[in-house]
A.B. asks: 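One structure coming up, written as structure tokens, with questions to follow.
In this chain, residues are counted from 1 in sequence order.
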Amino acid sequence: MKKWVITLCLCLVPFAARAEMLSLEDISHAKDALQFEEPAQHAEPLSSSDISPAREEMIDRIISLASDLYDQAGGRPQRAQYSGDIYVCKNFTVHLFRETCDDFRMAEYPDVPLIIPNNQKKADCAPYVYGIQWQNVPAQEGNPFYEAASFRYNNDLSMEENRENAREFLKQVQRGDYFQMAADYYYGVGAHSLVFIDDYNPDTDSVRWTDSNMKGKSVNGERYAYVQYDAEKEIDWFVDAFCHKKYGATLYRLRDDIVYANES
């Protein structure tokens, strides 16, 4: 694939996150937003009896690879400037999936290799901002994720009511969930992707995750990103990030019928 240099002048801000295999068009989309007024949606968590051993192993492998990449980085920033660099935020989470998925299938579609959707294009994100969700790829085409829960800022509610909805949304986090948000927060403005490595902890009111390029810096005019593993914040930190007009977030969860490819 042809590589495009994404210069710093094209970034939303120095620390803005970028989607996988980004084109210049994708970068330009990330600034624009329209209003979205749909209330938060929620999904029932899976019971332990519904979760297959293969699904658990797939999640274990994703998280283990993230830990390995974090250890390999050794605290040193990794290049996240070009469309193929795996340390760009969505590239990182996609890489974790693609390095793991070949050994697994969905029981309903045993002959279909697994894929992970790209971020939704701007035109299909309207009336809300780019980066808030993935493309809607059907399971029969290999997408093993479903939308477990989502939050969209609702102008008909007060800020306090929206924040409470955002908190309830984050309390649904489960280990292995992929998280896509459009946010305006301490490290930047734009889309970001990460993987939660544990269930929401009600005792500490916090979540734990792995990602890349939430934090970064410029080295000789190129973007370099830090890999995080076992990062932890109280959920209000994320609420502060995406609970704004035109913004929000989505939780994507692996289906419960994940099986081993050689058993499908």
Side-chain angles (χ1 to χ4, degrees), residues 1-31 59 61-100 116 118-119 130-132 134 173 176-198 206-235 237-238 240-242 247 249:
M1 176 178 291
K2 183 176 180 181
K3 293 185 177 179
W4 293 90
V5 176
I6 303 173
T7 59
L8 292 181
C9 67
L10 290 174
C11 294
L12 301 178
V13 293
F15 296 147
R18 299 190 288 270
E20 80 284 13
M21 300 311 242
L22 287 180
S23 66
L24 300 181
E25 181 185 16
D26 290 328
I27 290 296
S28 68
H29 289 168
K31 270 190 175 180
I59 290 171
R61 290 193 197 179
I62 287 170
I63 293 172
S64 178
L65 177 56
S67 178
D68 290 345
L69 291 172
Y70 171 80
D71 290 342
Q72 290 170 21
R76 298 178 297 274
Q78 307 298 305
R79 194 183 70 185
Q81 178 69 20
Y82 303 98
S83 63
D85 289 341
I86 69 167
Y87 294 99
V88 176
C89 68
K90 183 70 183 290
N91 286 6
F92 182 76
T93 57
V94 167
H95 178 76
L96 300 179
F97 177 86
R98 288 179 176 168
E99 290 296 302
T100 305
I116 183 170
N118 294 331
N119 284 353
Y130 169 83
I132 204 168
W134 296 352
V173 164
D177 284 353
Y178 271 59
F179 180 68
Q180 185 67 43
M181 71 174 177
D184 181 350
Y185 63 125
Y186 179 79
Y187 298 112
V189 180
H192 189 65
S193 178
L194 57 83
V195 179
F196 287 113
I197 64 173
D198 206 352
S206 66
V207 289
R208 298 166 57 223
W209 77 92
T210 183
D211 70 354
S212 177
N213 206 27
M214 178 180 281
K215 304 175 182 179
K217 66 178 183 178
S218 177
V219 178
N220 297 324
E222 293 183 332
R223 171 71 176 177
Y224 275 69
Y226 291 99
V227 181
Q228 296 189 107
Y229 181 80
D230 205 16
E232 183 174 8
K233 293 285 187 183
E234 293 184 1
I235 60 173
W237 188 88
F238 279 100
D240 290 341
F242 65 73
Y247 289 86

A.B. asks: Distance from Phe92 atom CZ to Lys90 atom NZ, nearest 0.5 Å?
C.D. replies: 14.0 Å
A.B. asks: Starting at CD of Glu99, measure out to CG of Asp68 and round the result to the nearest 0.5 Å.
C.D. replies: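 Nearest 0.5 Å value for the CD-CG distance: 11.5 Å.
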A.B. asks: With side-chain contact (heavy atoms from CB on, under 4.5 Å) as the criterion, how do Asn118 and Trp134 come out once you've worked through the C-alpha distance, each side chain's angles and the decisive distance to 0.1 Å?
C.D. replies: CA-CA 6 Å; Asn118 294 331; Trp134 296 352; over 6 Å; no
A.B. asks: If we ignore angles and hydrogens, is there a donor and acceptor under 3.5 Å between the side chains of Tyr226 and Gln78?
C.D. replies: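 Note: Tyr226 and Gln78 side chains miss the donor-acceptor criterion.
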A.B. asks: Would Glu232 and Ser206 count as having a side-chain donor-acceptor pair, cut-off 3.5 Å?
C.D. replies: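 Side-chain D/A pair, Glu232 to Ser206: present.
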A.B. asks: Over 60° means perpendicular and under 30° means parallel, so tell me whether Trp237 and Tyr187 are parallel, tilted or perpendicular.
C.D. replies: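 Ring orientation of Trp237 relative to Tyr187: tilted.
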A.B. asks: Heavy atoms, side chains only, cut-off 4.5 Å: are His95 and Leu69 in contact?
C.D. replies: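 SC-SC contact between His95 and Leu69 confirmed.
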A.B. asks: Report the distance from atom CD1 of Ile197 to atom OG of Ser64, rounding to the nearest 0.5 Å.
C.D. replies: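 One finds 11.5 Å between CD1 of Ile197 and OG of Ser64.
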A.B. asks: Does a side-chain heavy-atom distance below 4.5 Å link Ile63 with Ser67?
C.D. replies: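 A side-chain contact is absent here, since even the closest heavy-atom pair is not under 4.5 Å.
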A.B. asks: Do you know which two heavy atoms are closest between Gly131 and Gln180, and how far apart they sit?
C.D. replies: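 Reported closest heavy-atom pair: O-NE2, 3.1 Å.
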A.B. asks: How long is the gap from OG on Ser193 to CG on Asn213, to the nearest 0.5 Å?
C.D. replies: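 Result: 11.0 Å between the selected atoms.
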A.B. asks: Show your working on side-chain contact (heavy atoms from CB on, under 4.5 Å) between Asp198 and Asp230 and close with a plain yes or no.
C.D. replies: CA-CA 9 Å; Asp198 206 352; Asp230 205 16; over 6 Å; no
A.B. asks: In terms of relative ring orientation, are Tyr185 and His192 parallel, tilted or perpendicular, with 30° and 60° separating the classes?
C.D. replies: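 Rings of Tyr185 and His192: tilted, as their planes differ by 30° to 60°.
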A.B. asks: Return the OG1 to CD1 distance between Thr210 and Ile62, rounded to the nearest 0.5 Å.
C.D. replies: 11.0 Å
A.B. asks: If I take atom NZ from residue Lys215 and atom CD from residue Gln228, how far apart are they, to the nearest 0.5 angstrom?
C.D. replies: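 Lys215 NZ to Gln228 CD: 4.5 Å, rounded to 0.5 Å.
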A.B. asks: Ignoring hydrogens, what is the shortest heavy-atom contact between Tyr224 and Pro77? Give both atom names and the distance.
C.D. replies: CD2-O, 3.6 Å
A.B. asks: Where do Tyr70 and Leu65 land on the side-chain contact (heavy atoms from CB on, under 4.5 Å) test, with the steps shown first?
C.D. replies: CA-CA 9 Å; Tyr70 171 80; Leu65 177 56; over 6 Å; no
A.B. asks: Taking the side chain as C-beta and beyond, is there a heavy-atom pair between Phe242 and Asp184 under 4.5 Å?
C.D. replies: no
A.B. asks: If you look at every heavy atom in Val227 and Ala73, which pair is closest and at what distance?
C.D. replies: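 Nearest heavy atoms, Val227 then Ala73: CG2-CB, 4.3 Å.
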A.B. asks: Hey, does the side chain of Arg76 reach the backbone of Gln72 with a donor-acceptor pair shorter than 3.5 angstrom?
C.D. replies: yes
A.B. asks: Verify, without hydrogens or angle tests, whether Asp211 (side chain) and Val195 (backbone) share a donor-acceptor contact under 3.5 angstrom.
C.D. replies: no
A.B. asks: Using the side-chain contact (heavy atoms from CB on, under 4.5 Å) rule, take Ile132 and Met181 through it: C-alpha gap first, then chi angles, then the decisive distance, then the call.
C.D. replies: CA-CA 5 Å; Ile132 204 168; Met181 71 174 177; over 6 Å; no
A.B. asks: Please report the shortest heavy-atom distance between Ala182 and Tyr130, naming the atom on each side.
C.D. replies: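 Here Ala182 and Tyr130 meet closest at CB-O, 3.8 Å.
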A.B. asks: Taking the ring of Trp209 and the ring of Phe238, is the distance between their centroids below 6.0 Å?
C.D. replies: yes
